[in-house]
**Q** 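I have a structure here, written as structure tokens, and I will follow up with some questions on it.
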Amino acid sequence: MPVVGVVGGGQLARMMVPPAVALGIEIRVLAEHEDSSARIAATQVGDYRDVDTVRAFAAGCDVITFDHEHVPQDVLRALVAEGVSVQPGPDALAAAQDKLHMRERLTALGVPVPTWARITTGDELAQFLADNGGRAVVKTPRGGYDGKGVRVVDSAHAADDWLAAGPVLAEQLVDFRRELAQLVARRPSGDLRAWPLVETVQKGGVCAEVLAPAPRASDAVERSAAEIAATVAHGLGVTGVLAVELFETMDGHVLVNELAMRPHNSGHFSIDAAVTSQFEQHLRAVLDWPLGDTELVAPHAVMINVFGGLTDDQIAQALGHQPAAKVHTYGKSPRPGRKAGHVTAIGDDLDDVVYRARAAAAHFDA
């Protein structure tokens, strides 16, 4: 029985457990705390930033993979130097850990991205604003997610507090029609599979809904998104699941916004709507096993995130009202704005699927 060690005890690690059981894989989790989302598989609780802690966790595992991209480079490289299979590896993860490095690598690969610059002073930001219509997006290179570490600015001193800590990334404020995501999975041997392109709907900087496949996507946009994701996966040497978050511009092109080198919120629909879920595929990929079919099992799928919390009564009401919907809980204590689970519906008619997914999600706290 192969042993996969997952660093990080969040909901992504939790959702790897069912396919691991089905495939006869032993899954072990290094959780940050006792009450983690993935506590059902937590074999160790400790600090993923401490090399000795992670080294002890890795002992006896056939491969180490991740619930998040925050494990420090020195820890990752220490494992690799000791012969541990780390998937994805440190070189790939570096592009997901630092947005400035990501932009440099994507630009070198010839992948379309918004106009960007490394900013170290207010004067440099002033010049970038002058060159890009007077407004821009500024991001902290590390640590931001779900809208955190991101600002829209229109003055030279709007990021002075961040600049005091080091360089920031400034990007063109893209005039986009919608946001898309292209998920792929890649084995160490290079085999790659892609799921259908999806549309992601953001609210307050956080993904609220995912529509699969992306409605009314042109053949050109679908081809471009698939080519970009393959270029990134092969060019950076990504193993496991890669999510490429994209802007579809008003003139019908796509630009890369962000990367995630792990299962991703935009792929949760695949649990119920694809032949092979992103979680099963991630396990297969990091073990260098043959990849599964990524086709949808129905013409349309809609996934809606649930925030705050899910009570037993709410779950029962949602299932009773929408018996064809699927509810997934993350085992988290309730907190306003916290992702606590998701709801998925599938079917033949998009409007009907959207209605059923939203109707089931409406039973839970916002």
Side-chain angles (χ1 to χ4, degrees), residues 69-70 73 76 88-121 123-145 149-153 159 162-163 165-184 186 190 192 194 197 200 220-262 264 266:
E69 294 105 341
H70 306 312
Q73 282 286 313
L76 297 172
D91 289 341
L93 282 168
Q97 292 174 333
D98 187 300
K99 291 181 174 62
L100 283 165
H101 182 62
M102 177 196 300
R103 286 293 181 252
E104 291 168 353
R105 294 289 286 118
L106 293 179
T107 301
L109 289 171
V111 171
V113 296
T115 300
W116 67 277
R118 176 188 295 266
I119 301 296
T120 60
T121 67
D123 289 343
E124 291 177 356
L125 181 55
Q127 186 61 56
F128 188 85
L129 289 167
D131 294 341
N132 291 276
R135 299 181 75 207
V137 177
V138 174
K139 300 178 180 180
T140 55
R142 290 178 172 267
Y145 67 98
V150 179
R151 290 178 187 167
V152 176
V153 303
W162 287 353
L163 285 170
V168 298
L169 170 66
E171 292 183 341
Q172 163 196 10
L173 188 61
V174 176
D175 184 18
F176 61 90
R177 177 181 295 135
R178 59 179 174 173
E179 295 187 59
L180 305 170
Q182 178 65 66
L183 266 72
V184 299
R186 180 178 179 273
L192 183 141
L197 181 69
T200 63
V221 164
E222 290 182 346
R223 283 195 305 271
S224 181
E227 289 170 1
I228 287 168
T231 297
V232 173
H234 292 309
L236 299 183
V238 180
T239 48
V241 169
L242 166 70
V244 182
E245 298 180 69
L246 302 157
F247 295 128
E248 182 180 0
T249 63
M250 299 304 290
D251 60 358
H253 293 88
V254 289
L255 301 172
V256 176
N257 179 25
E258 301 283 357
L259 302 178
M261 296 179 191
R262 50 172 170 74
H264 188 256
S266 62

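It should be emphasised that the depicted structure is a prediction, and the values quoted were computed from it without experimental measurement.
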**Q** So, applying side chain to side chain contact (heavy atoms under 4.5 Å, CB included) with L169, which one of K99, M102, R118 is it?
**A** K99
**Q** Nearest 0.5 angstrom please: L192 CG to H234 NE2, how far?
**A** 4.5 Å
**Q** Looking at R186 and G240, would you say the former's side chain and the latter's main chain have a donor-acceptor pair under 3.5 Å?
**A** no
**Q** Taking atom NE2 as the centre, does H253 end up with more than 12 heavy-atom neighbours from other residues, nucleotides or ligands that are less than 6.0 angstrom away?
**A** no
**Q** What are the two closest non-hydrogen atoms of G149 and W162, and how far apart are they?
**A** C-CH2, 3.5 Å
**Q** With a 4.5 Å limit on heavy-atom distance, are the side chains of V174 and L255 in contact?
**A** yes
**Q** Of the options T239, L236, V232, V241, which is the one that meets M261 in a side chain to side chain contact (heavy atoms under 4.5 Å, CB included)?
**A** L236
**Q** Hey, what do you get for CD (Q127) to CG (N132), rounding to the nearest 0.5 Å?
**A** 9.5 Å
**Q** Do you know the tightest heavy-atom contact between A243 and L183?
**A** CB-CD1, 3.8 Å
**Q** If we only count heavy atoms from C-beta on, is the P141 to H101 side-chain gap below 4.5 Å?
**A** no
**Q** For N257 and E179, run side chain to side chain contact (heavy atoms under 4.5 Å, CB included): C-alpha distance rounded to whole Å, both residues' side-chain angles, the deciding distance at 0.1 Å, then the answer.
**A** CA-CA 9 Å; N257 179 25; E179 295 187 59; 4.0 Å; yes
**Q** Mind listing the closest non-hydrogen atom pair of H70 and Q97 along with its distance?
**A** C-NE2, 4.3 Å
**Q** Determine, step by step, whether L246 and Q182 satisfy the side chain to side chain contact (heavy atoms under 4.5 Å, CB included) criterion, reporting the C-alpha distance in whole Å, the side-chain angles of both residues, the deciding distance to 0.1 Å, and the verdict.
**A** CA-CA 8 Å; L246 302 157; Q182 178 65 66; 4.2 Å; yes
**Q** Using a 4.5 Å cut-off on heavy atoms from C-beta on, say whether the side chain of L259 contacts that of V244.
**A** yes
**Q** Do K139 and E258 make a side-chain contact, defined as non-hydrogen atoms from C-beta onward lying under 4.5 Å apart?
**A** yes
**Q** Do R151 and V168 have side chains that get closer than 4.5 Å, going by heavy atoms?
**A** no
**Q** Which residues satisfy the ring pair (Phe, Tyr, Trp, His ring centres under 6.0 Å) test with F128, sequence neighbours excluded?
**A** none
**Q** Indicate yes or no for a side-chain donor-acceptor contact from S224 to the backbone of A220 under 3.5 Å, with no hydrogens or angles considered.
**A** no
**Q** For a quick test of reading the model, state the closest non-hydrogen atom pair linking V111 to V256 and the distance between them.
**A** CG1-CG2, 3.3 Å
**Q** Write down the atom of G235, the atom of L109, and the distance for their closest heavy-atom approach.
**A** CA-CD2, 3.9 Å
**Q** Would you compute the distance between atom CG of L93 and atom CG of D98 and round it to the nearest 0.5 angstrom?
**A** 12.5 Å
**Q** Is it the case that over 12 heavy atoms from other parts of the model lie below 6.0 angstrom from the CZ atom of R135?
**A** no
**Q** Look up atom CE in M250 and atom CZ in F176, then write down how far apart they are to the nearest 0.5 Å.
**A** 10.5 Å
**Q** Taking all non-hydrogen atoms of both residues into account, name the closest pair between I119 and T121 and its distance.
**A** CG2-O, 3.4 Å
